[in-house]
Amino acid sequence: MSSSKTDLSKRLPTRSRATQRAKKLKKELSITHKEALEQISIEYGYDTWEDFQYAIEKQKLADTPTPQLSMDFVSDHDVDMSDDDYDDLDNEREDDLSVEQKEIVAANKKYLTKLGAEFSIFEPTITGLKKSILDATQPVRTHFELEEFHDYAQQSQGPDSKVTKDGFFLSDEESVKTKASLYRPNTKKGDPRMWFRKLPAFCEAGDQIAIIIQDDQPYLINLSKTHIELSLAREKSAIKDFLAVYTQSHNSVAEELLAKLRELAKAPLPALRKGDTGIGFTLESMLGIEANCSKQPDYKGIELKAGRGAKTRTTLFAQVADWAISPCKKSAEILNKYGYEREEDFKLYCTISTQRENPQGLSFIYDQAKDQLEEWHNKTELVAIWPGKLLRDRLKEKHAETFWIEAKSEIIDGQEHFHLLKVTHTKSPVVSQLLPLIQSGIITMDHLIKKSGKTGRVSEKGPLFKMNKRDLDQLFPEPVTYTLV
């Protein structure tokens, strides 16, 4: 940021107003839109458009009134409250975030997903901040287990079993060390709790706080008070520095494989086998991968797909319920109870969502305490159950990390050769977001059960878990394409 900043006591324009002015300036001075944006930024004392955008977002957040917490609430020690003190915690909540803050939070979640970061979200309450206690919700517990950070199910109740770990509060300006306390109180059921020392100095009640685990330490980012895309554009930012280290550590195998493919791309590769599998077999051989029939990924967890040369909803995976714990023991039972006649057949073709009951009276409820997705009829009759782990494992199995390699075939001296051209890297979904997206109604499920009127045979093409293509960036990191030559 410029040290010769103009008087910033005057209000900064909104981002849309600034871009409108830039369009007008572009026409008046016959300059590019980028040059116009830079000139307006300089007028307000900022060297670059990125710095100016960041200042605008900061002003926007500052304009949202939030109660200032007394520093008396900042605890320098860990508090192990009883559940009796905690009874009203969820009932005493801060007002909802402003529309603009909600938009920023949504954008931040998408950006973390784009980077391939596993994360979970918690929202502190007024009482929680005052009494130094947070509920470790199921999404948080699932995230901790996925990252092998902490398993509440294996933890005993009481202060003697409390686990403490170092952590960090991240903002653009600094990284502040904190101490995370993970415990289950003696009272009542010993519901999982957590606390981060000096949290009230980092956030207000109602803020959306993201937790990212790196090297067995939690890093917290206040998604309501920052703009990650702008943070990454800044010259200096503690958030930017952390995410750079995080993505690099999680991409080390991919970078190793990419380097080997670039080396192989320097010269055409003679085909070691004829036919459709020729290029795949040749690549695996050149990379030192032994041929086998295993379904495991090809290269240190990365699947290799190589080859020569308009619905809105897309299917993520198909997965039947866990019949052993479900009231209905097979798809045919669900069909018999809730299906309908359609011409010669008896069918149950419908979409199930957490947001509303469908015409058949079916809907989803996510039981966070049990970490299971439940299908109900009229909210009174339990139909089927999908354990959260079952769904997460299915998603991971279906969408492994993959290198999609494009090559060109050429005959040289009577033998087929392959020129490696480019590779598209698709990463595994951010599985910690699967159940939250189902809970919010973004991911739904389709029953496709039919009993043939001719044969009496029952068939089930699903259940298919689906989402709108426009929302894929809330679950999957953005694919990256690399040129090899």
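- Residues Gln372 and Glu374 have side chains that bring a donor and an acceptor to within less than 3.5 angstrom of each other.
- Heavy atoms of other residues, nucleotides or ligands lying less than 6.0 angstrom from NZ of Lys329 number more than 12.
- A donor-acceptor contact under 3.5 angstrom links the side chains of Lys379 and Ser363, judged on distance only.
- The side-chain heavy atoms of Leu484 and Leu258, taken from C-beta on, include a pair separated by under 4.5 Å.
- Asn222 places no side-chain N or O within donor-acceptor distance of the main-chain N or O of Cys203, the cut-off being under 3.5 Å.
- Side-chain contact, Gln138 with Thr142: a donor N or O sits under 3.5 Å from an acceptor N or O.
- None of Glu375, Met445, Lys337 except one satisfies the side-chain contact (heavy atoms from CB on, under 4.5 Å) rule with Leu362; the exception is Glu375.
- Qualifying side-chain contact (heavy atoms from CB on, under 4.5 Å) partners for Val320, counting only residues two or more places apart in sequence or in other chains: Trp323, Pro463.
- Counting only distance, with no hydrogens or angles, the side chain of Gln355 and the backbone of Gln439 share a donor-acceptor pair below 3.5 Å.
- Residues Tyr183 and Ile133 share a closest heavy-atom pair of OH-CG1, 3.7 Å.
- A cation-pi contact, defined as under 6.0 Å to the ring centre and within 45° of the axis, links Lys165 to Phe149.
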Quick one: do Ile209 and Ile221 satisfy side-chain contact (heavy atoms from CB on, under 4.5 Å)? Show the steps, please. CA-CA 6 Å; Ile209 313 300; Ile221 302 175; over 6 Å; no
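- Other residues, nucleotides and ligands place more than 12 heavy atoms under 6.0 Å from the CD atom of Glu255.
- Salt-bridge check for Glu263 with Lys260: failed, with every basic side-chain N at 4.0 Å or more from each acidic carboxylate O.
- Taking the six-membered ring where the residue is Trp, Phe476 and His399 present perpendicular rings, their angle passing 60° and hence far from 30°.
- Here the side chain of Thr113 pairs a donor or acceptor atom with the backbone of Lys109 at under 3.5 angstrom.
- Between Leu223 and Ile121 there is a side-chain heavy-atom pair separated by less than 4.5 Å.
- Residues passing the side chain to side chain donor-acceptor pair (under 3.5 Å) test with Ser432 are Glu118, sequence neighbours excluded.
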With side-chain contact (heavy atoms from CB on, under 4.5 Å) as the criterion, how do Phe168 and Thr178 come out once you've worked through the C-alpha distance, each side chain's angles and the decisive distance to 0.1 Å? CA-CA 5 Å; Phe168 296 88; Thr178 182; 5.6 Å; no
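- In the displayed structure, Lys240 atom NZ is contacted under 6.0 Å by more than 12 heavy atoms of other residues, nucleotides or ligands.
- Residues Leu146 and Val431 have side chains in contact (heavy-atom distance under 4.5 Å, counting atoms from C-beta outward).
- Aromatic ring centroids of Trp386 and Phe364 lie under 6.0 Å apart.
- Side-chain contact annotation: Tyr349 with Asp446, donor-acceptor N/O pair under 3.5 Å absent.
- The residues Asp166 and Lys179 are annotated as salt-bridged, a charged nitrogen and a carboxylate oxygen being separated by less than 4.0 angstrom.
- Aromatic ring pairs are classed by plane angle as parallel below 30°, tilted from 30° to 60° and perpendicular above 60°; the pair Tyr152 and Phe144 is parallel.
- Nearest heavy atom pair, residue Ala254 against residue His425, reads CB-CE1, 3.5 Å.
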Run the side-chain contact (heavy atoms from CB on, under 4.5 Å) check on Ser353 and Asn358 step by step: do they pass? CA-CA 8 Å; Ser353 168; Asn358 66 16; over 6 Å; no
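- Shortest non-hydrogen contact noted between Ile211 and Val140 is CD1-CG1, 4.4 Å.
- Closest approach of Ala318 to Arg394, counting heavy atoms only: O-NE, 3.0 Å.
- By the 4.5 Å heavy-atom criterion applied to side chains, Leu304 and Trp404 are not counted as neighbours.
- A salt bridge does not link Lys114 to Asp473: none of the charged nitrogens lies less than 4.0 Å from a carboxylate oxygen.
- Side-chain polar atoms of Thr426 and Glu401 form no donor-acceptor pair below 3.5 angstrom.
- Ser440 is linked by a side chain to side chain donor-acceptor pair (under 3.5 Å) to nothing, counting only residues two or more places apart in sequence or in another chain.
- Side-chain polar atoms of His150 and Gln155 form a donor-acceptor pair below 3.5 angstrom.
- Under the 4.0 Å criterion applied to side-chain N and carboxylate O atoms, Arg234 and Asp241 are not assigned as salt-bridge partners.
- Taking both residues in full, the closest heavy atoms of Arg184 and Gly190 are given as NE-O, 2.7 Å, listed atom of the first, atom of the second, then distance.
- One N or O on the side chain of Asp207 and one on the backbone of Glu204 form a donor-acceptor pair closer than 3.5 Å.
- A distance-only check finds a donor-acceptor pair linking the side chain of Ser326 to the backbone of Ile385 [under 3.5 Å].
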Please report the C-alpha distance between Leu115 and Leu243 in whole Å, then the side-chain angles of each, then the deciding distance to 0.1 Å, and finally whether the side-chain contact (heavy atoms from CB on, under 4.5 Å) criterion is met. CA-CA 8 Å; Leu115 296 173; Leu243 291 175; 3.8 Å; yes
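- Across all non-hydrogen atoms, the minimal contact from Pro477 to Ser428 is CD-O, 3.3 Å.
- With 3.5 Å as the limit, one finds a donor-acceptor pair spanning the side chains of Thr424 and Thr481.
- Between Thr444 and Arg313, the side chains place a donor N or O and an acceptor N or O closer than 3.5 Å (distance only, hydrogens not considered).
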